[in-house]
Enquirer: 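Mind having a look at this structure? Questions to follow.
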Amino acid sequence: MSQPGSHDSDVIGNGGELHQAPAPDGPVMTTAQGGAISDDQNSLRVGDRGPTLIEDFAFREKMFHFDHERIPERVVHARGYGAHGTLETLEAIPELTMAAPFQEKGTKTEAFVRFSTVAGNMGSGDVARDVRGFAVKLYTSAGNWDIVGNNIPVFFIQDAIKFPDLVHAVKEEQDRGWPQAASAHDTFWDFISLMPESTHMMLWAMSDRAIPRSFRFMEGFGVHTFRFVNAEGKTSFVKFHWKPKQGLQSVVWDEALKINGADPDFHRRDLWNAIQNGDAPQWDLGVQVFDEKFAESFDFDVLDATKIIPEELVPVRTIARLTLDRVVDNVFAETEQVAFMTQNVIPGIDFSNDPLLQGRNFSYLDTQLKRLGSTNFTQLPVNAPRCPVAHFQRDGHMQTSHQQGRANYEPNSFSGADRGPRADNARGFATVPREESGQTLRIRAESFADHYSQANQFWRSQTPVEQEHIVAAFTFELGKCEIEDIRTRMLSNLRNVDDELAQRVADGLGMPLPEASTPAAAPRHDLPTSDALSILKNGPTSFAGRKIGALVSNGTDADAVAALGAAVTKAGAMLELVGPVVGGVTLSDGSACKVDHGVDGAPSVLFDAVALLPSAEGAAALAKRASAKNFVTDAFHHYKFIAHDEGAAALMAAAGVEPGADGGVVALGTAKDASAFVDTCAALRFWDRDIQP
Ligand code: HDE
């Protein structure tokens, strides 16, 4: 059998001879009609140099299909990655909801999740500063239920009618076609500065939440208030939360910029690798459940998607666990064709009057038809419910279901197989009866008017390091705005959040602090802080699932590599070796050692921590290479833990990092040191390092 990469049985080009395809040892190649293909190297022509013939149906079919391979990418969330898994119920809650998955502890519900960025096109880099989509499709026994959420619990706008404007503003500017996958430009901040309701979201978007280390290390939120409905028809309000068992983790901004260059697929590769290595990521599904009385007493409107309900006020109760343990077979068939819709709910779940949610319920069906091209998109395997489906919807493009029987309407008087299905009052979805009254108006409720108080609460709930990152992000993004008025307007709005924040951003921009803008409602600066809002206060307690990059060379101490490898494995983490070249190195004991990367292709931004293990000779040679020096300086400037052998001295000197420079630069001597180093790495970053972000 031929090996991948060897072409001994696939010789192309036949030097003027008729092509003799060897007898295949796998499946025979056919046309889409099933006819075997004799030659896939040459189209049919007259003689060996004559014109190609239209009669070559195999060529025509192949080219026709290729020409139509692309479908429109998603207008937002175009760049995404999906995986399959299971939701296991940890606690039955029939008293709250009749939703099928939550009736019995231990119920397993098949799930498909697609993570995404929002602004960038399909081919954009994974680590853009952006909100991440966190869309979950649950194939329940009562039909598909989609929780189409984000990794940030609030949104930019309060009314769906502003969504097209928001998206136009953030995407490439229409007169020039840039920037790609970036909010740091005039039109975005112009819109934002004129929409004070976006301020709370902007605090989140400028925080490290918008540059996650991986999909595995971020939270997810249903964002809107939904309703639970129990079998007696009793309803309560509910907000959905996904909490990663892996802990929360983000990268620093300079790292994000460099990762996008070094590995634009960083997030999708991370998820794929974790699942393929058997390290299936997990999230707890938690709910905040509250009633009308709480909603009325709460300082903000629970229908306003620019507000959270602090976890300290309504605790998050864990009811289920999501495990993603299977990568897709085919990215197009599954990740691209999966169709999420907020309106996919099941009995036991209902909507609230959140005007953003109501608008979404209208929008998602349109988008599926536009993208997937047929009303029968629900029949695609990734979208098809796993429970029986029966209705009188008929025909349409790409109908694959052979709907049988005589009647294709009801009422009908047929019986048996000819009769077809009927609605079931008892089992069917019944909208919660609710009183609605009032004049028809285009108006925003007074209760939606406070745009700054929760932004202030978010700001004050962050650690000093996180606050520093928020200041740096605002400074970077506004610094990319060429129009000074936009920067000024934004600073005016930020004064309503916090004067110190506004001053620090103004200092970063080198601009005077303007007067505060006039808020629609007086901002409060006395809301209690919430630890749940900080990433660093909720960081992981172990290094499991993370990755160390060890720089090695010829002559690297074999014992040091072995000790580090053992310590990393024990911690459930990964070790990748980076050599001067990808061909491998010879260790101190004379053994040949394979490496995972050559240093030019593996900057330290790809790792959570680094170890510098070159021999003295190897270090002297690496000290002359920019990529090796940057490996060290970047790790240092990204606050990473750095372990080093004695041999690394020349490289560290060239990179300007002193051995023992601070508590995060650790000398390795014995195997015990390696294990202690990996334990230290659980803190992920040495934030006390004396450098500016
Ligand atoms: Fe979406 N959104 N959205 N959105 N959204 C889409 O549907 C829309 C909003 C979210 O991985 C589109 O299939 C409107 C909030 C995710 O396939 C589209 C409004 C939240 C995904 C659409 C919003 C989201 C989408 C584009 C304003 C977080 C990707 C392609 C009211 C709670 C799902 C598509 C996937 C995708 C409309 C606002 C999350 C156009 C009108 C708020 C995760 O239908």
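Small disclaimer: the values here were computed from a predicted structure and weren't measured. Order of listing sets the numbers, starting from 1, for every ligand and every atom in it.
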Enquirer: Relative to the heavy atoms of Ala160, which atoms of ligand 1 are at a distance of less than 4.0 Å?
Expert: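 Within the 4.0 Å cut-off of Ala160, ligand 1 contributes 31 (C).
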
Enquirer: Is the positively charged end of Lys137 above the ring of Phe340, judged by distance under 6.0 angstrom from the centroid and angle within 45° of the axis?
Expert: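 Verdict for Phe340: a cation-pi partner in Lys137.
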
Enquirer: For Trp145, enumerate each residue passing the side-chain hydrogen bond (donor to acceptor under 3.5 Å, both in side chains) test, keeping only those at least two apart in sequence or located in another chain.
Expert: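 Not a single residue meets the side-chain hydrogen bond (donor to acceptor under 3.5 Å, both in side chains) criterion with Trp145.
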
Enquirer: Look at Arg216 together with Asp279 and state whether they make a salt bridge at an N to O cut-off of under 4.0 Å.
Expert: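 Salt bridge present between Arg216 and Asp279.
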
Enquirer: Tell me whether Lys162 is salt-bridged to Asp159, with the criterion being a basic N under 4.0 Å from an acidic carboxylate O.
Expert: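 Between Asp159 and Lys162 there is no salt bridge, as every charged N stays at least 4.0 Å from the carboxylate O atoms.
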
Enquirer: Quick one: do Lys243 and Glu219 make a salt bridge, cutoff under 4.0 Å?
Expert: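 Counted as a salt bridge, because a side-chain N and a carboxylate O are separated by less than 4.0 Å.
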
Enquirer: What residues, two or more places apart in sequence or in another chain, satisfy side chain to side chain contact (heavy atoms under 4.5 Å, CB included) together with Ala210?
Expert: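 Once residues adjacent in sequence are excluded, the partners of Ala210 under the side chain to side chain contact (heavy atoms under 4.5 Å, CB included) criterion are Arg129.
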
Enquirer: Is it the side chain (CB and beyond), the backbone, both or neither of Arg371 that lies under 4.0 Å from ligand 1, heavy atoms counted?
Expert: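 Arg371 to ligand 1: no contact under 4.0 Å from either part.
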
Enquirer: When rounded to the nearest 0.5 angstrom, what distance separates CD in Glu477 from OG in Ser183?
Expert: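 Reported to 0.5 Å precision, the distance equals 3.5 Å.
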
Enquirer: State, to 0.1 Å, how close Met218 and Pro212 come at their nearest heavy-atom pair, and which atoms those are.
Expert: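 Heavy-atom minimum between the residues: SD-CG, 3.9 Å.
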
Enquirer: List the closest protein heavy-atom neighbour of atom 43 (C) of ligand 1: residue, atom name, distance to the nearest 0.1 Å.
Expert: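 Looking at atom 43 (C) of ligand 1, the protein heavy atom closest to it is Gly149 O, 3.2 Å.
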
Enquirer: State the count of protein N/O/S atoms located less than 2.8 Å away from atom 1 (Fe) of ligand 1.
Expert: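 Total protein N/O/S atoms under 2.8 Å from atom 1 (Fe) of ligand 1: 1.
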
Enquirer: So, is Arg114 polar-close to ligand 1, with some N/O to N/O distance under 3.5 Å?
Expert: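 Such a contact does occur with ligand 1.
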
Enquirer: I'd like to check which ligand 1 atoms, numbered from 1 as shown, lie under 4.0 Å from a non-hydrogen atom of Val75.
Expert: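 Here the atoms of ligand 1 in question are 40 (C).
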
Enquirer: Scan for side-chain hydrogen bond (donor to acceptor under 3.5 Å, both in side chains) pairs involving residues 528-537, sequence neighbours excluded, and state none if there are none.
Expert: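 Passing the test, one end in residues 528-537: Glu312-Ser530, Glu466-Ser534, Asp531-Lys537.
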
Enquirer: Which protein heavy atom lies closest to atom 28 (C) of ligand 1, and at what distance to 0.1 Å?
Expert: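 The protein heavy atom lying closest is Asn150 ND2, 3.2 Å.
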
Enquirer: Are the charged groups of Glu336 and Arg371 less than 4.0 angstrom apart, N to O?
Expert: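 Between Arg371 and Glu336 there is a salt bridge, with a charged N closer than 4.0 Å to a carboxylate O.
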
Enquirer: If you measure every N or O of Arg74 against every N or O of ligand 1, does any of those distances drop under 3.5 Å?
Expert: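 So ligand 1 has an N or O lying under 3.5 Å from an N or O of Arg74.
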
Enquirer: Among protein heavy atoms, which lies nearest atom 7 (O) of ligand 1, and at what distance?
Expert: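 For atom 7 (O) of ligand 1, the nearest protein heavy atom is Thr367 CG2, 3.2 Å.
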
Enquirer: Which of the atoms in ligand 1, numbered in the order shown and given with their element, are less than 4.0 Å from a heavy-atom of Val223?
Expert: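 That gives atoms 32 (C) of ligand 1.
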
Enquirer: Under 6.0 Å from the ring centre and within 45 degrees of the ring axis: does the NZ or CZ of Arg386 meet both conditions for the six-membered ring of Tyr139?
Expert: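 Checked: cation-pi criterion met.
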
Enquirer: Tell me: protein heavy atom nearest atom 33 (C) of ligand 1, and distance?
Expert: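 The protein heavy atom lying closest is Phe340 CD1, 3.8 Å.
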
